[in-house]
There are 2 protein chains.
Amino acid sequence: MPKVGMEPVRRKALVDATLRAVGDHGSLTVTMSEIARHAGVSPALAHHYFGSKEQLVIETIRSLLRQLRADAVAALREATTPRERLSAVIRVNFQAHQFAPETVAAWLAFYSEAQRSESVRRLLVVYARRLNSSLLSSLKQLCPAENAAQIADGAAAMIDGLYLRQGLRSAPVSIESSIALTESYVDAQLAAVAGAALPDAGRRAPVTEKR
Amino acid sequence: MPKVGMEPVRRKALVDATLRAVGDHGSLTVTMSEIARHAGVSPALAHHYFGSKEQLVIETIRSLLRQLRADAVAALREATTPRERLSAVIRVNFQAHQFAPETVAAWLAFYSEAQRSESVRRLLVVYARRLNSSLLSSLKQLCPAENAAQIADGAAAMIDGLYLRQGLRSAPVSIESSIALTESYVDAQLAAVAGAALPDAGRRAPVTEKR
DNA sequence: TATTTTTAATTGATCGATCAATCAATAAAA
DNA sequence: TTTTATTGATTGATCGATCAATTAAAAATA
């Protein structure tokens, strides 16, 4: 029963359905039929609009990334100091809808897919780089560049690791604890750097250069 | 050409082949035929000895876990102080063969599979718990228990995260840097705890309790 | 020792199921 | 009448799994 102008509606529905299906299935082995069912259309229509399953998956990741960026922009708008911006970047990654089990499961599936699909890998690299550079730009205003780079790597790894463990649902570290853990890491590292720069501070600060 | 006593030989060959195949394929979508080819036998033989693909995969994960534990035991034997034991635990996880791209890719695939297979999930939970408790037992001798738990969570997450990023092969953090990053995290956290316990130390130590 | 029987190892052939993808057909809006 | 939206039916390929058949070693029997 063709109503004109359905294309954008269907595309969005299919992308959303893919995220949901991949999310609660936990892998890309979901069938096009299942995705289509979630979206309330026939499998053939999914192919009509996206050409292939791989393309649909790619669009889904793109959409996740767009969402993440939009959230980041919004969060950063309210932050004024570098330290606040840092916290904003951390917080965004643990926002409820990003940290929801299905979303995490979907990310995991995408990471695995990245091993086979170069396009998927490229997209995830974009995400990884963006996270690093968001952290880095704030950190560089809080400590020397070389320390900043190291702290950014550590924080990014910790964030990704907390995701991974969230995906396993074994020892569920809550959203708040995840944020606290990451914040605490950043705080301690910054303190260590500051301590090393001010050796008169009474006590030896922990070293960070172990390279 | 039946030679008696082949079973253990074939089982090992098939398990090794599975790890390799899953590793460079990057996912569990490898076919039994491919695994069997890696092992130099027919697909039918793989079914003969393991019954199903799922069972073969499970045995493969078990084997990975065994290896990891053996490495850990060996590394711990040479450590005497709590701090040395802590370093040993960290180091083991970044050993060359554990941190090799194919191994990391295999781990990733298993994590993804854990979303669907309860048995796989259970095994990975065992790994996660073991990592946590190894870290924890050393940490508890270096700081109060509540701080220890937090630091263990953070370190475990960071280790897993470094694996994840290694899997992406985007901004490759080297083995040495990965170890250094994790060590630095532990050092700084312990220093922060110590600093908070000795408030006369001239400068306020960074807070860790953000819960 | 010689012969037969049992057991272990191994595979080729094949079945059945699943699934992505295609396509021709239909229905209604423009 | 052309275009857009939509689907049911179908195809072709892939893959896990099964099974009967084969080979040779080991064990039992004569």
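Just so you know, these numbers use all the heavy atoms, side chains as well, and skip hydrogens, waters and symmetry mates. A, B, ... follow the sequence lines: proteins, then strands. Residue 1 opens every chain.
- At whole-Å resolution of the value, NE2 in B:His47 and P in C:dA13 are 18 Å apart.
- Distance from the side chain of B:Met6 is smallest to C:dT10 among C:dA20, C:dT10, D:dA26.
- Atom pair B:Leu56:CG and D:dA17:P shows a separation of 10 Å (rounding to whole Å applied).
- Not a single salt bridge (Lys or Arg N to Asp or Glu O under 4.0 Å) links A:Arg37 to another residue, sequence neighbours left out.
- One can place CD of B:Gln55 at 15 Å from P of D:dG16, the figure rounded to the nearest angstrom.
- The distance from atom NE2 of A:His48 to atom P of D:dT6 is 8 Å, rounded to the nearest whole Å.
- Among the atoms of the strands shown, only primed sugar atoms or phosphate atoms (P, OP1, OP2) are found under 4.0 Å from some heavy atom of B:Thr31.
- Note on B:Arg10: a side-chain N or O is less than 4.0 Å away from OP1 or OP2 of C:dT10.
- Counting only heavy atoms from C-beta on, B:Lys53 has its side chain closest to D:dA17 among D:dA25, C:dA29, D:dA17.
- Side-chain atoms of B:Tyr127 and B:Asp160 include a donor-acceptor pair closer than 3.5 Å.
- Along DNA chain C, the nucleotide nearest A:Gly51 and the nucleotide nearest A:Thr29 are compared for position; the residue whose nucleotide lies closer to the 5' end is A:Thr29.
- B:Ile35 has its CD1 atom 11 Å from the P atom of D:dC15, to the nearest Å.
- For the pair A:Glu113 and A:Arg116, the salt-bridge criterion is met [side-chain N within less than 4.0 Å of a carboxylate O].
- Where A:Ala44 and A:Met32 each meet DNA chain C at their nearest nucleotide, the meeting point lying more 5' is that of A:Met32.
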Problem - Working for salt bridge (charged side-chain N to carboxylate O under 4.0 Å, His left out), residues A:Glu183 and A:Arg83 - result: CA-CA 10 Å; A:Glu183 290 277 356; A:Arg83 190 62 188 77; 2.7 Å; yes
Which atom pairs, one a donor and one an acceptor, fall under 3.5 Å between side chains of residues 43-53 of chain B and the rest of the protein, sequence neighbours left out?
unit_1: B:Ser52; atom_1: OG; unit_2: B:Gln55; atom_2: N; d: 3.2
unit_1: B:Lys53; atom_1: NZ; unit_2: B:Leu28; atom_2: O; d: 2.9
unit_1: B:Lys53; atom_1: NZ; unit_2: B:Val30; atom_2: O; d: 2.8

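- The interatomic distance linking A:Glu7 (CD) with D:dT6 (P) rounds to 10 Å, in whole Å.
- Candidate nucleotides D:dT4, C:dT10, C:dA21 were compared by shortest atom distance to the side chain of B:Leu45, and C:dT10 ranks first.
- As judged by a 4.0 angstrom heavy-atom cut-off over every strand, B:Val30 is placed among residues touching the sugar-phosphate backbone only.
- The distance from atom OH of A:Tyr49 to atom P of C:dA20 is 20 Å, rounded to the nearest whole Å.
- Residue A:Arg11 contributes atom CZ, which lies 14 Å from atom C1' of D:dT4 at whole-angstrom precision.
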